[in-house]
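Structure first, then comments.
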Amino acid sequence: MAITKIYIVYYSLHGHVETMAREILKGANGVPDVEATLWQVPETLPEKILEKVKAAPRPDDVPEIRPDQLAEADGFMFGFPSRFGVMASQVMTFFDNTSDLWTTQELAGKPAGIFWSTGFHGGGQELTALTAVTNLAHHGMIFVPLGYTFGKSMFEMGEVKGGSPYGSGTYAADGSREPTELEYQQANYHGKYFAGIAKKLKKRSPV
C-alpha cells in the first residue's frame with residue numbers, strides 16, 4: 001500500500017511546541033502506512049534577541065524546511081506559539097515565502113491540522129487557530145479540526161488544559177510551565193486522528 005507522508009512543521013521558541021510536535025509525531029507514526037517527519041521553520045530573530053529571551057536550543061535532529069519541500073507531503077500539521085492571537089512571525093514569514101506554491105495551487109486538496117502554545121487563557125487557544133486557517137484556505141488546503149473526538153477529556157475542568165475543537169494545544173505561562181500528561185495524550189491522539197484522515201484522503205481518486 002502507498003505510504004501517506006505527513007510533514008509536522010513547527011516553530012518553537014522555548015520548547016513547548018517542540019515537545020507537542022514530538023508527541024504528535026508518535027501518534028501519527030502509530031497509524032499503519034503513514035510516515036510522519038518533523039521539520040522546523042527557519043529562525044528569523046537575531047542571536048542577541050534569542051539570548052535575551054532565553055530561547056531553547058534548536059534540536060539537531062530536526063531539519064529546517066524550505067517552502068518548496070511542502071509539495072512532497074500528502075498532509076501537514078503546523079505548530080507554533082501564539083503572538084497576540086496569531087501565529088509567531090517566524091511561521092508567518094515561512095508562509096509568506098510559499099507564493100510559488102500558492103501560484104500553482106500545489107497544496108490544494110491536501111489536509112492540514114494545527115497545534116499551538118499560548119501563555120495564558122486569553123492568549124489565543126481558539127483565536128490563534130482561527131487566524132491561521134486563512135493561510136490554509138488561500139492554498140486550498142483542507143483544514144482538519146480535532147472537533148470533540150478526544151472524548152470526555154475535551155471537557156476537563158479539574159485541571160488547566162490547552163487545546164480546543166480546532167486542534168491540540170498547551171499553556172506555557174511565563175515559559176516555565178511544561179505540557180501536562182493530559183495535553184501530551186491529546187497531542188498524541190491528534191497526530192493519530194489526523195494521520196487517519198490524511199490516509200483516507202490519499203486513497204480517494206482525484207476529481
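For clarity, every value in this text was computed on a predicted model and none was experimentally measured.
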Hydrophobic clustering (ILVMFWY, side-chain heavy atoms < 4.5 Å, transitive) - are [Y] and [X] grouped together?
X	Y	value
Phe150	Tyr184	no
Ile6	Phe80	no
Met87	Leu127	no
Tyr193	Leu136	no
Leu107	Ile197	no

Exercise. Using only heavy-atom distances, determine whether the side chains of Ser168 and His190 contain a donor-acceptor pair under 3.5 Å.
Key: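 Per modelled atom types, Ser168 and His190 side chains form a pair under 3.5 Å.
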### Donor on one side chain, acceptor on other, Thr37 and Trp39, under 3.5 Å
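The criterion, which ignores hydrogens and geometry beyond distance, is satisfied for Trp39 and Thr37.
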Counting only heavy atoms not in Phe84, do more than 12 sit closer than 6.0 Å to its CZ atom?
->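 Not more than 12 within 6.0 Å, no.
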Nearest heavy-atom neighbours spanning [X] and [Y]:
X	Y	result
Thr180	Glu183	N-OE1, 2.9 Å
Gly109	Ile142	O-CD1, 3.4 Å
Ala129	Trp116	CB-CZ3, 3.7 Å
Met77	Gly191	SD-CA, 4.2 Å
Pro165	Met154	N-CE, 4.0 Å
Gln40	Val62	NE2-O, 2.7 Å

Can I get a per-line list of side-chain donor-acceptor pairs under 3.5 Å for residues 20-29, giving both atom names and the distance, sequence neighbours left out?
unit_1 : atom_1 : unit_2 : atom_2 : d
Arg22  : NE     : Glu18  : OE2    : 3.0
Arg22  : NH1    : Asp61  : OD2    : 3.1
Arg22  : NH2    : Glu18  : OE2    : 3.1
Arg22  : NH2    : Asp61  : OD1    : 2.9
Arg22  : NH2    : Asp61  : OD2    : 3.3
Glu23  : OE2    : Asn188 : ND2    : 3.2
Asn29  : OD1    : Ala36  : N      : 2.7
Asn29  : ND2    : Ala36  : O      : 3.2

Nearest-0.5 Å distance, [atom1] of residue [X] to [atom2] of residue [Y]:
X	Y	atom1	atom2	answer
Gln186	Lys161	CD	NZ	3.5 Å
Ile114	Leu130	CD1	CG	8.5 Å
Asn135	Met141	CG	CE	7.5 Å
Thr98	His138	OG1	NE2	11.0 Å
Thr4	Asp74	OG1	CG	5.5 Å
Gln90	Met92	CD	CE	10.0 Å

In the structure I gave you, are the side-chain heavy atoms of [X] and [Y] within less than 4.5 Å of one another anywhere?
X	Y	result
Leu182	Ser153	yes
Phe78	Val91	no
Val9	Leu70	yes

- Task: May I ask you to check whether Tyr10 and Phe115 place their ring centers less than 6.0 Å from one another?
- Result: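 No, the ring centres sit 6.0 Å or more apart.
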**Request:** Run the ring-centre check on Tyr11 versus Phe94 and record whether the distance is less than 6.0 Å.
**Result:**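 No, the ring centres sit 6.0 Å or more apart.
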Sub-3.5 Å donor-acceptor pair from the side chain of [X] to the main-chain atoms of [Y], do we have one?
X	Y	result
Lys110	His139	no
His14	Val53	yes
Thr128	Gln125	no

Should the ring pair Tyr7 and Phe76 be called parallel, tilted or perpendicular, given that the plane angle runs from 0 to 90° and is split at 30 and 60?
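Answer is perpendicular, since the angle exceeds 60°.
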- According to the interplanar angle, ranging from 0 to 90°, do the rings of Tyr166 and Phe143 count as parallel (below 30°), tilted (30 to 60°) or perpendicular (above 60°)?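 Parallel, since the angle between the ring planes stays under 30°.
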* Just jot down the side chain to side chain contact (heavy atoms under 4.5 Å, CB included) partners of Arg66, sequence neighbours excluded, or say none. =>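 Residues passing side chain to side chain contact (heavy atoms under 4.5 Å, CB included) with Arg66: Asp68, Gln69.
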